[in-house]
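Structure below; questions to follow.
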Amino acid sequence: MKAVVITTAGGPEVLQLQQVNDPEIKDDEILIKVEATALNRADTFQRNGSYPPPKGASPYLGLECSGTIQAVGKDVSRWKVGDQVCALLNGGGYAEKVAVHGGHVLPIPPGVSLKDAAGLPEVACTVWSTVFMMSRLSAGETFLVHGGSSGIGTFAIQIAKNKGATVYVTAGSEEKLAFCKKLGADVCINYKREDFVARAKEETGGKGVDVILDCIGASYLQQNLDSLNFDGRLFIIGFQGGAVTEIKLNTLLPKRLTVQGAALRPRSTENKAMVVTEVEKNVWPAVAAGKVKPIIYKSFPLSEAGEAHRLMESSAHIGKILLVP
């Protein structure tokens, strides 16, 4: 098969489409003929050498995909050859075929094309596991997501609104904020022009928001804490603004704040399977009803993976970027 290979750690130019061996499936895995895979920010970190794949994972990029099942391991009972599915991957999506654990596979939701479904597994599992399973966002609460126009952000807006939350977003342009508004965001903040802490406080009558999903990390940490309501929950999923900082601990105690962090990829096979099950139960009905949709910005052929990475790193996109074999 053909796959995108990282020839050496570096910029987008190091990605090359090469002929490689087909993956071999284990007894608890299935083999998917890839229809499409979606980019994630972690792919760019793996490409430049700062985010190596977990032990035993595919050396190729790609943390989610959609496609058609070509083979099924003997211990897999739910899926059969010919099923159209999407899946959460440890890696390997930037290829014509990929092996994946049978418990990390989801059916294509009604109303979503096989190609567009590639943009759902990673964002759905990330947002549901962090915002809902761990931070317990509930109807009537206020929710702030940074990078509202990103793949994570566009999904988080939709599912949080569907579950009855009031949604706040930050983004860096009026075009991006207008798109977030169309998706259902209630309060849209241009972080280049406004102080999001002051705006969050103003909009909540001085209280602050209940839950924040943050991909920035260090440079936003104190501001995020200052933006939270009593019993507020901050969930950190990225370090685009750095990984080391200082905070005022006296911000945490009086307001009973919770700070959590997690990445999806390093989780155990069993934990990921549990998250996938919860996503199918709690998120897929909203997708099937058309209340939550994958937001696809642009598709590239596998041979142009470097160009796709350049687009992602420019942050000019809104939603997900796909690669198609």
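Numbering of residues begins at 1 and proceeds along the displayed sequence.
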(message) Tell me if the CG atom of D231 is crowded by more than 12 foreign heavy atoms within 6.0 Å.
(response) yes
(message) Please determine whether a side-chain nitrogen of the Lys or Arg among E280 and R78 lies less than 4.0 Å from a carboxylate oxygen of the Asp or Glu.
(response) yes
(request) Starting at CG of L302, measure out to CE of M1 and round the result to the nearest 0.5 Å. (result) 10.0 Å
(request) Would you indicate whether the side-chain heavy atoms of H317 and K298 approach each other to under 4.5 Å? (result) no
(message) For D116, is there an ion pair with K320 - N to carboxylate O distance below 4.0 angstrom?
(response) no
(request) Please examine the side chains of T204 and N229, heavy atoms only from C-beta on, and report whether any two atoms are closer than 4.5 Å. (result) no
(message) Would you say NZ of K163 has more than 12 non-hydrogen atoms from neighbouring residues, nucleotides or ligands within 6.0 angstrom?
(response) yes
(request) Find the distance between CD (E174) and NZ (K192) and round it off to the nearest 0.5 Å. (result) 10.5 Å
(request) Might you confirm whether atom NZ of K255 has over 12 heavy atoms from other residues, nucleotides or ligands at distances under 6.0 Å? (result) yes
(message) Is a donor from one side chain sitting under 3.5 angstrom from an acceptor on the other, for T142 and D210?
(response) yes
(request) Return yes if a side-chain donor-acceptor contact under 3.5 Å exists between T170 and H146, otherwise no. (result) yes
(message) Tell me if the CD atom of E175 is crowded by more than 12 foreign heavy atoms within 6.0 Å.
(response) no
(request) Work out which heavy atom in V279 is nearest to a heavy atom in C125; give both atom names and the distance. (result) CG2-CA, 3.8 Å
(request) Going by the salt bridge (charged side-chain N to carboxylate O under 4.0 Å, His left out) test, name the single residue among R136, K207, R233 that passes it with E141. (result) R233
(message) Between R310 and E307, does any NZ, NE, NH1 or NH2 come within less than 4.0 Å of an OD or OE carboxylate oxygen?
(response) yes
(message) Testing the 3.5 Å rule here: is there a donor-acceptor pair between the side chains of N190 and E194?
(response) no
(request) Report the C-alpha distance between M312 and T44 in whole Å, list the side-chain angles of each, state the deciding distance to 0.1 Å, and finish with yes or no for side-chain contact (heavy atoms from CB on, under 4.5 Å). (result) CA-CA 8 Å; M312 169 157 272; T44 65; 4.1 Å; yes
(request) Give a yes or no on whether the backbone of P107 and the side-chain of W284 come within a donor-acceptor separation of less than 3.5 Å. (result) yes
(request) Kindly give the heavy-atom pair with the smallest separation between Q19 and K2, and that separation in Å. (result) OE1-CG, 3.5 Å
(message) Between P23 and L31, is there a side-chain heavy-atom distance shorter than 4.5 Å?
(response) yes
(request) Before giving the answer on side chain to side chain donor-acceptor pair (under 3.5 Å), spell out for Q158 and N162 the whole-Å C-alpha distance, their side-chain angles and the decisive distance to 0.1 Å. (result) CA-CA 6 Å; Q158 296 178 82; N162 180 256; over 6 Å; no
(message) Testing the basics here: between I108 and S113, what is the closest heavy-atom pair and its distance to 0.1 Å?
(response) CG2-O, 4.3 Å
(message) Among I69, V105, V72, which residue satisfies the side chain to side chain contact (heavy atoms under 4.5 Å, CB included) criterion with D83?
(response) I69
(request) Answer yes or no: does atom NZ of K201 have more than 12 heavy-atom neighbours from other residues, nucleotides or ligands under 6.0 Å? (result) yes
(request) Check whether any side-chain heavy atom of K115 sits under 4.5 Å from a side-chain heavy atom of V324, and report yes or no. (result) yes
(message) Strictly distance-based, threshold 3.5 Å: is any side-chain N or O of S135 a donor or acceptor partner for the main-chain N or O of T130?
(response) yes
(message) In the structure I gave you, are the side-chain heavy atoms of I295 and L183 within less than 4.5 Å of one another anywhere?
(response) yes
(request) Determine whether H104 and E29 make a side-chain contact, defined as any pair of heavy atoms from C-beta on separated by less than 4.5 Å. (result) no
(request) Flag the pair V34 / E96 as yes when at least one side-chain heavy-atom distance between them is below 4.5 Å, and no otherwise. (result) no
(message) Hydrophobic clusters here meaning ILVMFWY residues chained together by side-chain heavy-atom distances under 4.5 Å, can you tell me if I32 and L39 are in one?
(response) no
(request) Please name the pair of heavy atoms, one in L15 and one in I6, separated by the smallest distance, quoted to 0.1 Å. (result) CD2-CG1, 3.8 Å
(message) Is it true that, when you exclude F230 itself, more than 12 heavy atoms of the residues, nucleotides or ligands shown sit nearer than 6.0 Å to its CZ?
(response) no
(request) Please report the shortest heavy-atom distance between A38 and N40, naming the atom on each side. (result) O-ND2, 3.5 Å
(request) Calculate, to the nearest 0.5 Å, the distance between atoms CZ and SG belonging to R199 and C188 respectively. (result) 8.0 Å
(request) Would you mind listing the cluster partners of F196? Hydrophobic ones only (ILVMFWY), side-chain contacts under 4.5 Å, chaining allowed. (result) L144, Y168, V187, I189, Y191, V197, V209, I212, I216, Y220, L221, L225, L228, L234, I236, F239, I247, L249, L252, L253, L257, V259
(request) Please round to the nearest 0.5 Å and tell me the distance separating atom CG of L63 and atom OG1 of T37. (result) 7.5 Å
(request) Give the cluster check for L89 versus Y51: same hydrophobic cluster or not, with ILVMFWY residues linked at side-chain heavy-atom distances below 4.5 Å. (result) no
(message) Using only atom types and a distance under 3.5 Å, with no angle test, would you say the side chain of S299 pairs donor to acceptor with the backbone of L323?
(response) no
(request) Answer whether the closest heavy-atom distance between the side chains of L61 and H309 falls below 4.5 Å. (result) yes
(request) Measure the spacing between CG of N224 and CG of L213 and express it to the nearest 0.5 Å. (result) 10.0 Å
(message) How long is the straight-line distance from CG of L322 back to CD of E64, given to the nearest 0.5 Å?
(response) 8.5 Å
(message) Minimum heavy-atom separation for A218 and V244, please, with both atom names.
(response) CB-O, 3.5 Å
